[in-house]
Structure formats: C-alpha cells, structure tokens
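Beneath this line is the structure, given in structure tokens, with notes to follow.
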There are 2 protein chains.
Amino acid sequence: MQQRSEETQARILEAAIRRFSISGYNGASVDEICAEAGVSKGAFYHHFSTKQAVFLALLNGWLGTIDTGLKAVRQETVPQTLMQMTSMLTVIFASADDRLPMFLEFWLQASREDAVYQAMIAPYRYFADYFTSLIKTGIAEGSLKEVDPEIIAQAILSIAIGTLLQGLLDPDRTNWSRVAEQSIQALLAGVIKS
Amino acid sequence: MQQRSEETQARILEAAIRRFSISGYNGASVDEICAEAGVSKGAFYHHFSTKQAVFLALLNGWLGTIDTGLKAVRQETVPQTLMQMTSMLTVIFASADDRLPMFLEFWLQASREDAVYQAMIAPYRYFADYFTSLIKTGIAEGSLKEVDPEIIAQAILSIAIGTLLQGLLDPDRTNWSRVAEQSIQALLAGVIKS
DNA sequence: TAAAAGATACCGACTGGTCGGTATCTTTTA
DNA sequence: TAAAAGATACCGACCAGTCGGTATCTTTTA
C-alpha cells in the first residue's frame, strides 16, 4: 500500500527540486510542481503540510549527503585531509550550481522566521566547528604552525564560500574550482610546517 | 519648482531602502513603501517607472559610494593600500548588514532577466579587474612576490565576500570584521616581499 | 501684470492576475 | 467497507501597475 504513496512522494520531491532550481523558491508555484510531478494539488498537500515542508525535506537531504562526504575524507595528516577536501570542491561546485541559489533565496527570506533560521544555522555551526577542530588537530600533531585555529579555519571557509558565490554570480569569468583550490593552497603554504 | 519633486523622490528612496532591508525586495510592497514615505501610489509611479527601477537606483547609489571609497584609498605601496582597504572592511561590514540581503535576494531572482543581470555583473567585473591590476602593480613595483595576480586577487575577494556572507548568516558567532582582516593578513603574509 | 494655457506633481480607487492553502468529492487499497 | 490516497473546484489575500482626475506650479499672452 505504501508502494504508490512512496512513489508519489518521491515524484513530488524530484519535481520540486527541478522547479525550485529553475525558478527559485518563490518563483516555483505549488501548481507548477504538481504539474511537473504529474500529481494533483490534493496529493501534494496530502504528503506535505506546506510548500516550506517540501523545501526543508530537500535541504536536509542535501546537508546529509555533504556531511557524509566530508566525514569520508580522512587522510593521515591534517594538511593531506585539507588538500583532499579542496579537491572535493570541484564536485561540490557542480552540485551547488543547481541548489545553492534556491537555498540562498530561501535562507534570505526564512531567516526572519526563527524556527527555520535555527534549522539552517545549526548545520552551519556544526561544520564550522568541525573545521576549526581540524586545524587544532593539525597544530597538535605538529603538521601545522602555531596559528590561530579559528582564523585559519574561517579563512579557508570564507574562500570556499566566497568563490562559490562568485562562481554563481559570474560563471564564465574563470575556472572557479581551480581558483578555489589554488587560493586555499596559497593560504596553506604559509601555515604548513615543512 | 523641482524642490518639492526632489524631496518626494528622496522620501521614496529613503522609505524604500528601509522597507527593503526589513522585509526584502519581494516582501516589501509598493503600497508599504508609499505608506512609509507618506506618498501616494500615483506619486511613486510618477517618479519611478517600476518597483525594480527604485531598487536599481538604490543599488547604483551604494555602488557609487563604495567605488568612491575604494579609489580614495591609495597608499605609497600596494601592500599598504591593501592593508588600508582591509581596515575599511569594518565600515563596509556595517553598511552591508542592512543592504546585502536585499541585494542578494534581488540578484538571485533578477539574474534570470538578462538586462538586469548585465547591470549587476558589470560593477562586479569592474571591481574584480581593478583588484587584479592592483596586485600586478604590486609585483611590478617589487613589493609583492611573483605570484599569480588573478589567484591572489580572487583569494582576497573571496575572503571578503565569504566573511561577509557568514557574518550575515551567523552574526553573533564571532567578530567578523576582525576575522576578515586577520584572514587577509594571513594570506598576504605569504605574498609580501620583505 | 494678471489671466489664460500648459506642464508637472500627485492622488487613490480599481484591475487583472497569482498563489498558497482548503473543502469536498472520487478512487484505490488492504 | 473503512481508511488512505488522489482529484478538482474554489477561497481569500496580496500585489504591481493603471488610469481618470485634481492640485500646484511655470510660462505665455494680451
């Protein structure tokens, strides 16, 4: 019995991500999503309480895969791990192209609702902390100089985010994932103990 | 004669920036802006052809002041100039807090219209180019190592943008303008010829 | 120089359309 | 046959932009 139900739900989710990434969160209407999913509005609201709920489901799915991906990257030393993560950026860039604009848009308007804001800020903080502790580990294991861990972690994060955004803004200006990699390497060059 | 007209226009602009920064571009209705400006809808559309036109006027004003500010900063050597710009970040951070979200939101939805997209991408490119040439000058004058100018310029820009965005996302996490300054200094440390 | 003519600024009711969500009815499933 | 799933018509709120008309200036004219 859940067979059909699950399929419908999956179709709605797939249609939603397609419409959202094309037209944005506000730009994609529920009717549009239903049409693309080949599903009635009644079915839509049978499976999801609001448009926002569909979006949040999509967001959590994406965060989950990123988290899994990051935890999978663990090399012997911290610099090696960071380099590995840097080269992961190319993949992240590719998937961000579709998703990032809609998440950004949603965040910009949802940040005024406290509940949604908390749901979005938690994973960010989790990741930023994880990154800082990675730098600390590097200092402890002696592979990194005695820098301020928070500053360096933030610098790397900022480069990643800043490059991501510029890549969105002006995709054809340059090879953005290469710029991101080399920028981080330029920063790391002054931090790695050799 | 234009006296009254200019005052009305100014009032609309002021009200618009207030409403836009509180409710966002889509969230702020023209009626709302008119109410706050103490002006009728007719007056609004007498002075501006569309809601978008008001917004663009606001954007250009902001870009103008930033441009003026940047050109005013010119020290003897490029590293000194960069340091000076870095300390300007605190001021930019303050003014961005209000404006950046609405500009981001607008850009996200306007980037689908080619005309508006061009209007927004031009100043960005102009600034990015200006920055790259600044690094080139530094190399030419011998104050910077022989690095890839584009990469370093992008890295600095990315740090600025990335920090700005994180400051928006999680304002209370840390002192963001300090993080930005120190991140850029960490990067420059490896690039300055001493 | 004052009245007429014209231009500019402004007013606010109204329109056409959109969209998220609901109510109600029908079909499928177990 | 009852409950889950799905279809369809509809509601109410919102909103950008229009339009016919009025008020307030500026310029021309006699």
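Electrostatic pairing of A/Asp67 and A/Lys71 counts as a salt bridge here, judged by a charged N lying under 4.0 Å from a carboxylate O. Using a 4.0 Å cut-off between a side-chain N of Lys or Arg and a carboxylate O of Asp or Glu, A/Arg18 and A/Asp98 do not qualify as a salt bridge.
Distance B/Gln9 CD to C/dC10 P: 9 Å, rounded to the nearest Å. As a whole-Å value, the separation of B/Ile33 CD1 from C/dG12 C1' is 17 Å. At whole-Å resolution of the value, CD in A/Glu6 and P in D/dA4 are 16 Å apart. If you measure from atom CD1 of B/Ile12 to atom C1' of C/dC11, you get 13 Å, rounded to the nearest angstrom. We find that OH of B/Tyr45 is positioned 7 Å from P of D/dT18, with the value rounded to whole Å. Between B/Phe48 atom CZ and D/dA16 atom C1' the separation is 16 Å, expressed in whole Å. Rounding to whole angstrom units, CD of residue A/Gln52 and C1' of C/dG21 are separated by 14 Å. Atom CZ in A/Phe55 sits about 14 Å away from atom P in C/dG20, given to the nearest Å.
Under the 4.5 Å side-chain criterion, counting only non-hydrogen atoms from C-beta, A/Trp176 is not in contact with A/Leu168. Using a 4.5 Å cut-off on side-chain heavy atoms (C-beta onward), B/Val116 and B/Glu113 make contact.
Side-chain N/O atoms of A/Ser40 include none lying less than 4.0 angstrom from OP1 or OP2 on D/dG6. Phosphate proximity of D/dG6 to A/Thr8: present, with a side-chain N or O under 4.0 Å from OP1 or OP2. Within the 4.0 Å cut-off from OP1 or OP2 of C/dC10, at least one side-chain nitrogen or oxygen of B/His47 is found. Close to C/dG20, at under 4.0 Å from its OP1 or OP2, lies no side-chain N or O of A/Thr50.
Under a cutoff of 6.0 Å and an axis angle of 45°, B/Lys51 and B/Tyr25 form a cation-pi pair.
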Pairs under 3.5 Å (Watson-Crick or G-U), crossing ones as [ ], inter-strand ones as |: DNA chain C comes out as ||||||||||||||||||||||||||||||

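Going from atom CD1 of B/Ile152 over to atom NZ of B/Lys145 covers 10.0 Å, rounded to the nearest 0.5 Å.
Taking the six-membered ring wherever Trp is involved, the centroid distance between the rings of B/Tyr117 and B/Trp107 does not fall below 6.0 Å. Within the 6.0 Å centre-distance limit, the rings of A/Phe103 and A/Phe55 are counted as a close aromatic pair.
A heavy atom lying under 4.0 Å from DNA chain D marks the following residues of residues 15-32 of chain B, by number: B/Ala28, B/Ser29, B/Val30.
Classification of the B/Phe44-B/Phe48 ring pair by plane angle, with boundaries at 30° and 60°, yields tilted.
Along DNA chain C, the nucleotide closest to B/Gly42 and the one closest to B/His46 are compared, and the more 5′ of them pairs with B/His46.
With hydrogens and angles ignored, a donor-acceptor pair closer than 3.5 Å exists between the side chain of A/Lys41 and the base of C/dG21.
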